[in-house]
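The shown structure was predicted, so the numbers you read here are calculated from the model rather than taken from an experiment. Just so it is clear: chains get the letters A, B, ... in the order the sequence lines come, proteins before strands, and each one is counted from 1.
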Protein chains: 2
Amino acid sequence: MKSWKIFRKFPETNLYPMKKVTIKDLAKALNLSISTISRALNDKYDINPETQAKVLAMAEEMGYSPNPIAQKLQNKKSKNIGVVVPEFRNAFFPDIISGIQDIVQPLGYQVLITQSNENSETELLNVKSLYENMVDGLIISFSSGTTDLKYYQQLVEQEFPMVQVNRVLEEINTSKVLFDDYSWAFMATEHLILQGYKNIFHLKGPKHIVVTKERLRGFEGAMKKHQLPMDPTQIIDSGVTIEDGKKAMQKLLEQGQKPDAIFAVNDPVALGAIEVLKANNIKIPNDVGVVGFSESRLSEVVQPKLTTVRQPTFEMGQAAAKLLLQEIESSISVPQTVKFSGNFKIKESSVKLI
Amino acid sequence: MKSWKIFRKFPETNLYPMKKVTIKDLAKALNLSISTISRALNDKYDINPETQAKVLAMAEEMGYSPNPIAQKLQNKKSKNIGVVVPEFRNAFFPDIISGIQDIVQPLGYQVLITQSNENSETELLNVKSLYENMVDGLIISFSSGTTDLKYYQQLVEQEFPMVQVNRVLEEINTSKVLFDDYSWAFMATEHLILQGYKNIFHLKGPKHIVVTKERLRGFEGAMKKHQLPMDPTQIIDSGVTIEDGKKAMQKLLEQGQKPDAIFAVNDPVALGAIEVLKANNIKIPNDVGVVGFSESRLSEVVQPKLTTVRQPTFEMGQAAAKLLLQEIESSISVPQTVKFSGNFKIKESSVKLI
DNA sequence: CTGAAAGCGCTAACAC
DNA sequence: GTGTTAGCGCTTTCAG
């Protein structure tokens with residue numbers, strides 16, 4: 001077993017490589033007690049400035065750096081925050097994470113990222129591990145299939161700082177950062193309607209995800225507002241990947257359905273649909289208009305360019321981080337919900353050419 | 001300051017929520033010494049099976065789970081492994097991470113992921129934090145600009161388990177997991193040549209990255225083999241993003257250059273080039289052929305579909321994890337280099353239509 | 001087979 | 001101002 005315990009002494013320098021230097025070593029070197037060292041290092045009020053200067057100098061010289069493990073054991077605080085996301089194959093969560101880091105790093109917090117592959121068990125393991133490793137708080141976005149909330153509920157009861165982003169579970173009472181999926185799905189659908197499309201189909205995402213439900217609701221709302229006939233067959237179960245989009249579109253065509261527009265739950269699904277449409281020689285946007293919902297950077301690349309709702313992922317990450325820090329650093333904290341707006345990128349896929 | 005110290009007692013259950021239960025509590029409950037408890041929990045040889053059974057049962061009942069922080073402080077082992085990547089906006093590193101998790105999780109290791117945004121300072125912070133938090137080993141892929149290797153060299157000297165993937169630094173003597181960029185760049189270029197393209201340009205990546213150099217070398221090798229004239233102006237400095245590709249292509253056209261094919265350092269750059277070509281009404285593949293190098297899932301989406309080299313990212317992650325575990329769990333370990341092969345996806349962008 | 005005691009590196013009363 | 005001491009939760013000698 002090669003382990004941390006191996007520290008070879010280098011005769012040339014007579015130094016142990018890297019941080020073997022502890023507070024004790026400093027104490028010995030300066031003929032002071034370890035508590036004095038600790039006080040100096042932590043800039044306590046009851047330390048003689050001169051002593052402190054000496055200690056700091058020596059610490060520098062000997063390359064001292066504190067052992068965060070020992071500090072955690074003592075303080076029950078780590079200056080680490082944990083992040084749990086279901087996937088990062090799309091740009092969505094990576095961007096959120098960047099936003100989190102942007103806020104948190106300047107304040108000296110370290111971000112530990114964990115990915116659950118849309119698997120609830122892995123997710124639970126990740127959360128437990130993060131928690132037991134004493135992160136000061138958690139930013140979490142749940143996997144699509146998570147139903148066993150016991151552990152999470154316990155964390156909440158215990159007032160463990162936590163905020164949910166995007167893949168939110170209503171039942172868990174923490175601060176939440178959301179995108180206003182309803183309104184923007186409404187708008188996206190309305191855009192199609194205003195462009196003259198009438199027989200609009202929605203390729204729907206996984207059932208239990210709130211985001212999915214909201215986008216569906218937005219779709220239905222817009223259809224209703226404009227009194228377009230709507231039939232359950234216009235809502236197609238799909239998923240979140242290009243593959244899912246392909247399958248859904250394929251099935252739709254095989255069943256002889258004739259949509260004149262598609263509102264997809266997200267961009268990858270929209271792209272899958274586009275691919276199938278193109279393969280079947282159906283022209284976009286003239287035969288069929290398509291609108292997506294950004295979760296990736298794909299919309300810019302596909303031809304025709306995809307009309308889509310852009311979400312401020314980076315800012316959502318920032319918001320989540322701010323809420324979490326607030327909760328970590330203050331004793332009272334009421335769960336808040338922040339809902340973000342996006343913007344609508346109208347491109348070729350939904351504007352008929354004359 | 002809300003902190004870990006807050007544990008409210010729930011009168012209904014008379015239980016402290018979650019793991020407040022320590023080895024001590026178990027000892028008290030069973031009237032045994034803490035060392036006996038520890039032995040039982042750790043399945044030591046010198047424990048009475050019956051005692052052990054009792055302890056285990058009680059641990060279960062009281063919902064005991066060990067405090068990993070305390071264990072680390074004692075053992076200097078954490079069953080955590082740290083991962084440092086420069087970015088995860090492309091699918092490349094996420095896929096590698098999935099591969100790592102695939103190997104490591106079944107063995108009870110937890111993966112701590114860290115992202116440096118191509119920033120060497122953040123990278124160093126991440127590594128330090130991971131190291132000080134006593135991960136058992138590190139899988140690292142360096143940022144493009146990293147030049148200060150002191151800290152990393154120290155880690156190596158200290159025989160801290162470490163393996164490099166993809167963004168490798170020659171000077172750092174650890175196991176390495178690589179893709180055979182040279183051969184596949186060679187092959188990609190040769191493919192263009194065999195398709196009849198002659199005036200082939202290479203959109204090159206960032207200078208100091210080995211991967212970039214290897215792909216350039218492959219390009220040059222193939223050109224030389226087929227005795228195609230090659231001029232320094234055929235090698236264009238670019239970057240790694242779509243934007244970089246656009247700029248490079250734009251500049252190239254503005255300078256009046258007339259390539260009949262492009263070999264791009266990666267897919268995003270290829271896509272950028274394609275976009276500019278299309279905008280200038282240059283037909284792909286007939287006027288200009290394009291080949292990329294997969295680092296994303298974009299190649300499937302663009303039109304025309306992009307010929308590209310696919311890298312076995314998941315497997316590379318697995319390999320890195322295996323090497324690292326080997327190093328962690330055995331005392332002797334000679335740095336090894338594993339070089340992966342990929343496969344070549346020939347699509348529309350490089351096959352002239354007749 | 002089990003218990004007592006030391007110690008991992010650090011912080012925080014409590015003395016002086 | 002500084003030193004002494006205890007203790008965070010755990011593992012590991014060392015006795016018995």
Item to complete: Check whether any side-chain N or O of B:Asn48 sits under 3.5 Å from a backbone N or O of B:Glu50 as a donor-acceptor pair, and report yes or no.
Response: yes
Worksheet item: Between the main-chain N or O of B:Phe314 and the side-chain N or O of B:Asp95, is there a donor-acceptor pair closer than 3.5 Å?
Response: no
Which part of the nucleic acid does [X] contact within heavy-atom distance under 4.0 Å: base, sugar-phosphate only, or nothing?
{"X": "B:Pro49", "answer": "sugar-phosphate"}
{"X": "A:Ile34", "answer": "base"}
{"X": "B:Asp46", "answer": "base"}
{"X": "A:Lys24", "answer": "sugar-phosphate"}
{"X": "B:Thr22", "answer": "sugar-phosphate"}

Worksheet item: Between A:Glu118 and A:Arg167, is the closest basic N to carboxylate O distance under 4.0 Å?
Response: yes
Starting at atom [atom1] of [X], determine the distance to atom [atom2] of [N], rounded to an integer number of angstrom.
{"X": "A:Gln74", "N": "D:dC8", "atom1": "CD", "atom2": "P", "value": "9 Å"}
{"X": "B:Lys28", "N": "C:dG3", "atom1": "NZ", "atom2": "C1'", "value": "16 Å"}
{"X": "B:Ile37", "N": "D:dG9", "atom1": "CD1", "atom2": "C1'", "value": "13 Å"}
{"X": "B:Arg39", "N": "D:dC10", "atom1": "CZ", "atom2": "C1'", "value": "13 Å"}
{"X": "B:Ile69", "N": "D:dT11", "atom1": "CD1", "atom2": "C1'", "value": "16 Å"}
{"X": "A:Leu73", "N": "C:dC8", "atom1": "CG", "atom2": "P", "value": "13 Å"}
{"X": "B:Ile47", "N": "C:dT2", "atom1": "CD1", "atom2": "C1'", "value": "8 Å"}
{"X": "A:Asp43", "N": "C:dT11", "atom1": "CG", "atom2": "P", "value": "13 Å"}

May I ask you to verify if any side-chain N or O of [X] is less than 4.0 angstrom from the OP1 or OP2 atom of [N]?
{"X": "B:Tyr45", "N": "D:dT12", "answer": "no"}
{"X": "B:Asn42", "N": "D:dT11", "answer": "yes"}
{"X": "A:Lys72", "N": "C:dG9", "answer": "no"}
{"X": "A:Ser33", "N": "D:dG3", "answer": "yes"}
{"X": "B:Lys44", "N": "C:dT2", "answer": "no"}

Item to complete: Nearest-nucleotide wise, let me know which of B:Thr36 and A:Thr51 is further upstream toward the 5' end of DNA chain D.
Response: A:Thr51
Side chain to side chain contact (heavy atoms under 4.5 Å, CB included) partner of [X], chosen from [options]:
{"X": "B:Lys72", "options": "A:Leu73, A:Ile69, A:Asn67", "result": "A:Ile69"}
{"X": "A:Tyr109", "options": "A:Val135, A:Ile103, A:Ile328, A:Leu324", "result": "A:Ile328"}
{"X": "A:Phe142", "options": "A:Leu169, A:Val165, A:Val127", "result": "A:Leu169"}

Worksheet entry | Quiz item: A:Ser38 side-chain donor-acceptor pair to C:dA12 base, under 3.5 Å | no
Practice prompt. Can you check whether any acceptor in the base of D:dT4 is under 3.5 Å from a donor in the side chain of A:Ser35, or vice versa?
Written response: yes
